[in-house]
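Read through the structure below, which is laid out as structure tokens, and then see the notes.
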Amino acid sequence: MEKVRYLLKQHVGGPDTPIVEEGQRVRRGELIAEPSGLGANIHASLNGTVISVNDKSIDIDADEEQNKDDYVHIPDSDDYLTDIKNAGIVGAGGAGFPTDVKLSNKITGGYLIANAAECEPLLCHNTEVEERYANQIVRGMKYMMEITDAKVGYIATKKIHHAALLALGKACKNEPNIKVKLLTNMYPAGDERVIVRQLLDIVLKPGELPIKANAIIQNTETIKRITEAIEDRKPFIDKDITLDGRIKEHSTVFENVPIGLPAKKFIDAAGGYISPHGDITVGGPFTGKTGTEETPVTKTTGAFLVAMPYPQAHKKIGLLECECGGQEPRLREIAEKMGSEVVAFRRCKRMVLVNGRYRCSLPGICPGQAEAVLGMKKEGAEAILTGTCQD
Amino acid sequence: MSITKETAMDHAKDPAVLCCRAEGGITIEAPNLEDPSLFDDYVDSGLLELPDNVLTIEQVLGAKLKETTDALIPLTPDNVDDIQSVSDDSSDDSDADDDDAATDSTDDASTPVENTDQPVQSTVAPVVSSSSVSNGSIKIDIAEGKGIHLEVPMTATAVQDQTAAPVAAQVNATENADAASNNDATSSDDSDASSDDEVETKVVRELERDHFKIDKVVFGDKTEINGTTLTIRTPKDLCKEAADTEKIVKDMALEIITPDDYDKYSETIMDVQPIACKKEGEIGTGVTRVLDGTVFMLTGTDENGIQIGEFGSSEGELNKNIMWGRPGSPDKGDILIKAQVTIEAGRNMERVGPLASHKAADVIVQEIREALKKADDSLVVKKDEVQQKRHPNQKRVVIVKEIMGQGAMHDNLIMPIEPVGTLGAKPNVDLGNLPIMLSPLEVLDGGIHALTCIGPASKETSRHYWREPMVQAAMDDEDIDLVGVLFVGSPQANTEKFYVSKRLGMTIEAMDLDGAIVTTEGFGNNHIDFASHIEEIGKRGVPVVGMTYSAVQGALVVGNKYMDAMVDNNKSAQGIENEIFENNTLCPEDAIRALAMLETKMAGGKIDKPERKWNPNVKENNIKVIEEHDGVKIDVEPNEQSLPKSKKRLEIYEKE
């Protein structure tokens with residue numbers, strides 16, 4: 001018996017509306033919640049019985065016997081975009097933007113870019129998947145190019161992902177319109193605007209989307225899920241994740257794990273904790289958030305990383321915020337857990353306010369921070385905590 | 001991945017390709033360039049195309065990149081300014097790379113000597129030079145322009161008594177570290193030049209082999225040899241006595257297989273052994289008696305019928321599963337005295353299982369040996385004299401034979417009292433798998449009792465060592481001085497593998513060698529230490545050739561830069577371990593190729609790079625080159641295609 005939790009908000013937009021009731025039997029692949037407004041369908045990832053429905057989540061008690069190859073297919077349709085919508089696909093790289101909405105834009109003559117940067121440190125599930133499912137990814141790109149009327153497909157990756165690079169190269173060797181493009185090996189090379197800048201030589205302003213450059217960027221797992229939806233009629237119910245940090249088996253990739261299972265299950269499956277250990281980070285080290293052992297896998301979960309215990313630094317510190325790293329709330333959380341007193345706060349000078357959110361004007365090309373550092377020192381900071389990107 | 005300056009020097013003549021996006025206007029340095037060893041992969045994946053006008057690494061180091069350029073873009077005159085001109089010596093080098101294009105006159109020959117003092121490396125140069133005198137001119141071949149440190153004070157040459165060769169004298173004079181080998185080189189030149197000259201030879205020891213012909217094997221009351229008939233005592237009694245010597249051997253059966261019975265079923269073949277005994281002296285000297293026309297064959301399973309073997313087994317009709325005539329297999333026409341042991345259930349993969357099988361079965365062979373010792377001298381049909389000779393002026397070469405030592409059935413008994421016996425022998429596993437030196441005659445006189453049960457097609461049986469083609473070929477080669485055969489076990493754990501190979505390296509270093517040939521049996525796990533042995537030898541400046549079954553299934557899992565001369569023992573049509581007994585083992589044709597490669601390497605010649613994928617034509621081509629060069633005909637062994645298809649071939653490997 002296993003409790004599986006489906007969060008009703010696993011995507012950009014509002015929470016979904018449940019369409020199941022407590023006590024109801026559900027099958028793997030069955031639709032259990034629908035969007036009201038911007039959002040995406042949510043399906044059960046395992047067979048089981050609904051035990052709780054509230055405004056945050058649907059919990060089911062999963063059966064012991066499960067067959068991963070058996071799932072409720074998405075409805076028949078002859079339209080790829082409809083398939084993607086029905087399958088509830090959202091950007092699996094972390095953003096969670098509904099893919100059908102993104103792909104409803106036409107980019108006639110433009111660029112469909114597969115983001116294979118695997119940018120965050122430690123994360124490696126995408127690279128592993130790319131190596132084994134390169135052909136599936138290339139087929140997915142072709143579907144997407146057909147949907148969006150894109151002329152050229154680029155696979156943006158880094159040279160350090162050697163095996164994946166070769167596999168992807170082979171998969172598109174005979175595709176006249178799809179090419180592998182190399183990004184520099186730095187964080188945040190996988191940022192959409194960095195990719196557009198490096199591949200297309202177009203500098204997008206903070207807040208501008210790649211569509212401005214007549215491009216659509218999609219992470220490789222999302223593309224793999226699109227192929228699954230179209231070819232196998234499979235809804236988005238499984239996720240690829242990386243486990244790393246203070247666990248016995250470092251760098252463990254779990255492929256196609258049912259969405260909704262809790263972090264602890266995978267920590268245990270990766271050999272359990274190494275003691276002592278600290279927080280669990282959900283997602284990459286830069287952009288992840290602190291979670292718990294109960295945090296369920298969602299459509300955007302990339303990793304569960306077990307940190308070391310916080311070092312204690314009873315100092316007055318300043319926080320320096322960068323778009324690519326932990327944002328102010330996370331920095332404050334970390335400062336507090338380190339026993340530090342926050343006496344100053346600055347944003348990197350590249351940060352500009354766009355629609356209520358601070359964005360970087362030139363991600364990956366970082367300026368000197370002397371001004372901010374001196375300023376915070378003046379305010380009494382003895383040390384600085386930052387999540388900046390330059391390595 | 002970017003490369004270091006050293007790697008760039010190693011690959012000076014290889015194409016230059018950017019490893020990372022680089023800004024326009026930069027001066028190109030090694031870290032901007034991609035490692036040429038990755039090019040094949042990139043080309044294969046369609047990520048890289050090398051145009052005809054691509055510049056070489058030495059041409060672009062120090063040159064300017066015209067504009068910002070992406071990773072994996074080849075550098076050509078279109079995107080590079082200030083292309084570095086390459087001095088003359090490099091063209092000499094590249095000429096010298098090519099075996100045939102060596103400089104012919106003494107004047108030209110001095111040019112490389114003058115110019116190649118660029119990379120100053122104080123280590124002993126891996127390969128320097130050798131000269132061969134023909135038509136009154138001197139050929140100097142210089143290998144890759146790396147590590148060659150010839151500082152020749154042109155005035156201080158030639159206090160040498162070599163007649164026609166002032167230049168050779170210069171080369172000799174320079175190689176302080178290599179003085180010995182240079183002397184060798186010069187004298188070997190003499191031998192090349194005039195075949196009349198005798199190679200200096202020193203006979204170290206001799207072995208006589210007395211052959212007894214057997215054309216009939218029967219069971220009877222007493223084990224004895226009468227004329228050409230071998231009688232073996234009633235198998236019921238004999239087998240019981242044999243089985244009783246080992247607790248976990250539950251049963252043993254003995255069968256006489258004549259050529260008419262070759263279509264009979266047999267359990268997996270664990271070993272094929274010559275039946276021989278010492279008449280005088282110890283193994284490797286004195287007189288050995290051997291039965292011709294019959295061999296002992298050990299087969300077996302555990303009580304559950306599980307074959308005693310790993311990575312395949314050769315059970316089935318004998319005539320479909322044995323590659324006849326290999327050094328380690330029965331010859332067609334041999335009468336097989338076949339013991340079938342049954343050991344305690346589950347012991348087939350434990351060390352005690354196979355060891356007990358071999359020891360118990362040896363009770364039977366020992367009884368035949370005793371009869372052979374008593375046989376009348378008049379029954380000797382042929383006497384062979386084998387001499388172990390040293391050629392003191394030739395290049396000193398060792399054969400390193402890696403044998404399996406992972407435990408379980410992966411073990412060998414070294415130096416028994418009787419040829420291929422068990423008594424008195426030490427298992428290499430117990431000896432820590434460390435290098436053990438045998439004289440070539442000890443090897444050929446049954447000094448190794450092989451327990452190894454790796455894949456049937458590539459394991460070396462006891463009879464293989466008895467007829468070891470590499471050892472025989474090296475003994476017969478007057479152009480080298482075979483110093484011995486060094487056996488080194490392949491342990492299970494990687495740490496132990498490297499422990500063993502480091503000891504091997506030190507042993508080699510102390511031996512002051514000019515060349516080494518490393519062989520191994522099986523494939524996979526043992527390739528790790530096989531590669532490490534080659535590295536340990538190669539990095540000490542000793543030219544080395546490796547021999548293994550690799551082809552498709554056994555493709556090497558690891559490699560290093562010293563593995564540039566490799567002989568593939570594969571014979572199978574598909575390049576696989578198809579469980580045909582002895583199919584892919586080292587044969588005379590492989591020994592010839594290995595010697596040709598080693599002699600080329602020792603003479604400073606270059607071995608072409610292997611192709612990316614296994615291509616049987618490479619071997620054929622090499623054979624052709626050797627045949628043309630030496631004016632000989634090399635017999636190539638048949639493979640499994642000459643046999644009727646076995647069950648496994650029909651069902652697994654060659655489905656129709």
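Since we're looking at a predicted model, the values are computed, not measured. Heavy-atom basis, side chains included; hydrogens, waters and symmetry copies ignored. Numbers restart at 1 for each chain; the letters A, B, ... are given by sequence-line order, proteins then strands.
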Calculate, to the nearest 0.5 Å, the distance between atoms [atom1] and [atom2] belonging to [X] and [Y] respectively.
X	Y	atom1	atom2	answer
A/K173	B/D44	NZ	CG	5.0 Å
B/E34	A/K159	CD	NZ	3.5 Å
A/L166	B/D40	CG	CG	11.0 Å

Flag yes if more than 12 heavy atoms outside [X] fall under 6.0 Å of its [atom1] atom; otherwise flag no.
X	atom1	value
B/Y499	OH	no
B/E49	CD	no
A/K205	NZ	no
A/K179	NZ	no
A/E255	CD	yes

> Side chain, backbone, both or neither: which part of A/L182 has a heavy atom under 4.5 Å from chain B?
Replying inline: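 Contact with chain B is through the side chain of A/L182 alone.
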>> What part of A/L165 gets within 4.5 angstrom of chain B, counting heavy atoms only: side chain, backbone, both, or neither?
In response: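 Both parts, backbone and side chain.
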> Between B/L47 and A/G169, what is the shortest heavy-atom contact and its length?
Replying inline: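 Closest heavy-atom pair between B/L47 and A/G169: CD2-CA, 3.9 Å.
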